[in-house]
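Structure first, commentary second.
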There are 2 protein chains.
Amino acid sequence: MVYSMPARTHGRPRDSRTHAAILSATVALIVDAGYGALTIVGVAARAGVGKDAIYRRWSGKPELVYEAVFTSADADPIPDTGTLIGDVTILVERLVDEFAAPAAAVALPGLLADFADQPALRMRIREDLLAGVKARLVEVFDRAAARGELVADVPVELILDSLAGTVLFHVGLVGAPVTPELPRHLAAMVVTGIKTR
Amino acid sequence: MVYSMPARTHGRPRDSRTHAAILSATVALIVDAGYGALTIVGVAARAGVGKDAIYRRWSGKPELVYEAVFTSADADPIPDTGTLIGDVTILVERLVDEFAAPAAAVALPGLLADFADQPALRMRIREDLLAGVKARLVEVFDRAAARGELVADVPVELILDSLAGTVLFHVGLVGAPVTPELPRHLAAMVVTGIKTR
DNA sequence: TGTAATCGAAACGGAACGTCTGGTATGGTA
DNA sequence: TACCATACCAGACGTTCCGTTTCGATTACA
């Protein structure tokens, strides 16, 4: 809902079915046509809606796509495996699932390109994308500290960028299939890198 | 030269000054207008050249931009600092300089988006981008092994993706200013992560 | 009951695409 | 030296999508 334009208070209310149809059509087109091939006209046609109804809600294609794709605010906590490496491994696996999801993987590069000249929006993407991850990462570190497995002064931001950056580099840039071992190896490298500082 | 279309053998040869003018105008426009705002017509006008001369050499905007921006094949070796961490730190600093260069930073997201549906080209970007880095990384590890500082079985690809991914995540997505400490911290984390496996 | 914002549909001018046709210039080949 | 294939610039072309605007009809809140 972040990028939607506000509705007026008087007059005929917006039809929620129209809203849903637009978002649904956007996701569908993203997945089987790609970000570049997606057009506002195409979304309108697929949703059985006038262009007007779209421009009334979103200021453009990037804003529409962002809301359509990155709305799932899943905050499932990381289960306690008993070890820091185990917890981080699961966290990385979640990260892979998230970035490798069809809609997200296809949309992200295009969004970054379209928001290239808007640092504020890029920053917002990063926040929205990593807010949940960061919260869970902090919790995982707290558990490790409680176990005495970890000294204080954990560089959370660096670790966040390392984990997310590495995974994103695979999925977004290389597009290579993520091997099942990657999360474990990556987690092991980062965790041992932190613990023996 | 990778994405250029081949020249014919007979007839008038292509003018190398035209070629240079096109590439130069492309870089200039990328830097002060952005990837999205760059158009073939604009490049032609700025270069004092006909559209025809551009389409004769490149099949489209992405190919042109790629060649214009990622042609510098600098392979300066990493100086031997005497420690693995020192060497990797310098390597990361080079990486930051490369990705934070105005033209590269502005062009990369757009290129990835335009090549989204062409895995082969995306892979090629990764190779071209990291080929030099990989070679230098391997050399740095060899030196460390000769010093007895490192055991065998170094996961080079994982390290490459971690270093490049983290840096790219800062510059490309976050767009945050890279602090001078980042290369040292990142190098320290990764290196200790490897050494104590 | 009236008012204001919604709805789908369609037309609008603008911008950029990639192709193509002129007319001219240039250099290797015969 | 004459030829000819190609490169050069300029501009016109049809297409696509953009984002805005108009239209008449619809819908709820005041």
Side-chain angles (χ1 to χ4, degrees), chain A residues 3-26 29-30 33-67 110-111 113-118, chain B residues 1 3-26 29-30 33-67 107 110-111 113-118:
Chain A
Y3 294 97
S4 298
M5 303 178 70
R8 303 290 183 182
T9 53
H10 295 309
R12 175 179 175 178
R14 291 183 186 162
D15 192 330
S16 63
R17 289 170 308 170
T18 300
H19 200 89
I22 295 172
L23 290 178
S24 170
T26 302
L29 280 177
I30 276 282
Y35 182 87
L38 179 137
T39 68
I40 299 291
V41 180
V43 172
R46 180 136 179 176
V49 153
K51 288 200 299 179
D52 197 29
I54 297 179
Y55 282 112
R56 193 177 297 116
R57 293 173 168 81
W58 297 275
S59 58
K61 166 175 162 178
E63 291 80 6
L64 167 61
V65 170
Y66 183 82
E67 179 162 345
L111 284 178
D114 283 351
F115 287 148
D117 57 342
Q118 304 183 44
Chain B
M1 298 294 186
Y3 293 97
S4 300
M5 303 178 72
R8 301 292 183 183
T9 54
H10 295 308
R12 175 178 174 177
R14 290 181 186 164
D15 193 330
S16 63
R17 289 171 308 173
T18 299
H19 200 89
I22 295 171
L23 291 178
S24 170
T26 302
L29 280 176
I30 277 282
Y35 182 87
L38 178 136
T39 68
I40 298 291
V41 180
V43 172
R46 179 133 179 180
V49 151
K51 287 199 300 179
D52 197 28
I54 297 179
Y55 281 112
R56 193 177 297 117
R57 293 174 167 81
W58 297 276
S59 58
K61 168 174 160 178
E63 292 80 7
L64 167 62
V65 170
Y66 182 82
E67 180 163 343
L111 283 179
D114 282 351
F115 288 148
D117 57 343
Q118 304 182 45

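Labels below follow one simple rule: chain letters A, B, ... track the order of the sequence lines, proteins then strands, and each chain is numbered from 1. Quantities reported herein were computed from a predicted structural model and do not represent experimental measurements.
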* Does any non-hydrogen side-chain atom of A:Glu67 lie less than 4.5 Å from one of A:Arg57? -> no

* Asked: Rounding to a whole Å, what distance do you find between A:Tyr55:OH and C:dT6:C1'?
  -> 18 Å

* N/O donor-acceptor pair, side chain B:Arg12 with base C:dA25, under 3.5 angstrom -> yes

* Relative to the 5' end of DNA chain C, which residue comes earlier, A:Ala47 or B:Pro13, by the nucleotide with the nearest heavy atom? -> A:Ala47

* Asked: How long is the line joining CZ of B:Arg14 and C1' of D:dC9, in whole Å?
  -> 16 Å

* To do: Look at the side chain of B:Ala53 and decide which nucleotide, out of D:dC9, C:dT29, C:dT6, has an atom nearest to it.
  => D:dC9

* Using a 4.5 Å cut-off on heavy atoms from C-beta on, say whether the side chain of B:Asp114 contacts that of B:Tyr66. => no

* To do: Just compare C:dG8, D:dC18, D:dA5 and give me whichever is closest to any side-chain atom of B:His10.
  => D:dA5

* **Candidate nucleotides C:dG8, C:dC17, D:dC8, ranked by approach to the side chain of B:Ile40 - the nearest** => C:dC17

* Asked: How many Å lie between CG on B:Asp114 and P on C:dG18, as a whole number?
  -> 10 Å

* When you check the phosphate oxygens OP1 and OP2 of D:dC8, does a side-chain N or O of B:Arg57 lie under 4.0 Å from one of them? -> yes

* Write down the distance between CH2 (A:Trp58) and P (D:dG19), rounded to a whole number of angstrom. => 15 Å

* Classify the nucleic acid contact of B:Asp52 as base, sugar-phosphate or nothing, counting any heavy atom under 4.0 Å across all strands shown. => base

* Nearest-Å distance, NZ (B:Lys61) to C1' (C:dA15)? -> 13 Å

* Would you mind reading off the distance between A:Asp15 atom CG and D:dA28 atom C1', rounded to a whole angstrom? => 12 Å

* Structure fact -> Here the pair of heavy atoms bringing B:Gly50 nearest to B:Ala44 is C-CB, 4.1 Å

* With B:Val49 as reference, evaluate B:Asp15, B:Val43, B:Ile22 under the side-chain contact (heavy atoms from CB on, under 4.5 Å) test and give the passing residue. => B:Ile22

* **A:Leu29 CG to A:Leu38 CG distance, which is reported to the nearest 0.5 Å** => 5.5 Å

* So what does B:Gly48 hit on the nucleic acid, given a heavy-atom distance under 4.0 Å: a base, only sugar-phosphate, or nothing? -> sugar-phosphate

* To do: For B:Gly50, answer base if it contacts any base atom (sugar-phosphate contacts may also be present), sugar-phosphate if it contacts only those atoms, and nothing otherwise; contact means non-hydrogen atoms under 4.0 Å.
  => sugar-phosphate

* **From C:dG27, D:dC17, D:dT20, nucleotide with atom closest to A:Thr39 side chain** => D:dC17

* Asked: NA contact type, A:Lys51, heavy-atom cut-off 4.0 Å: base, sugar-phosphate, or nothing?
  -> base

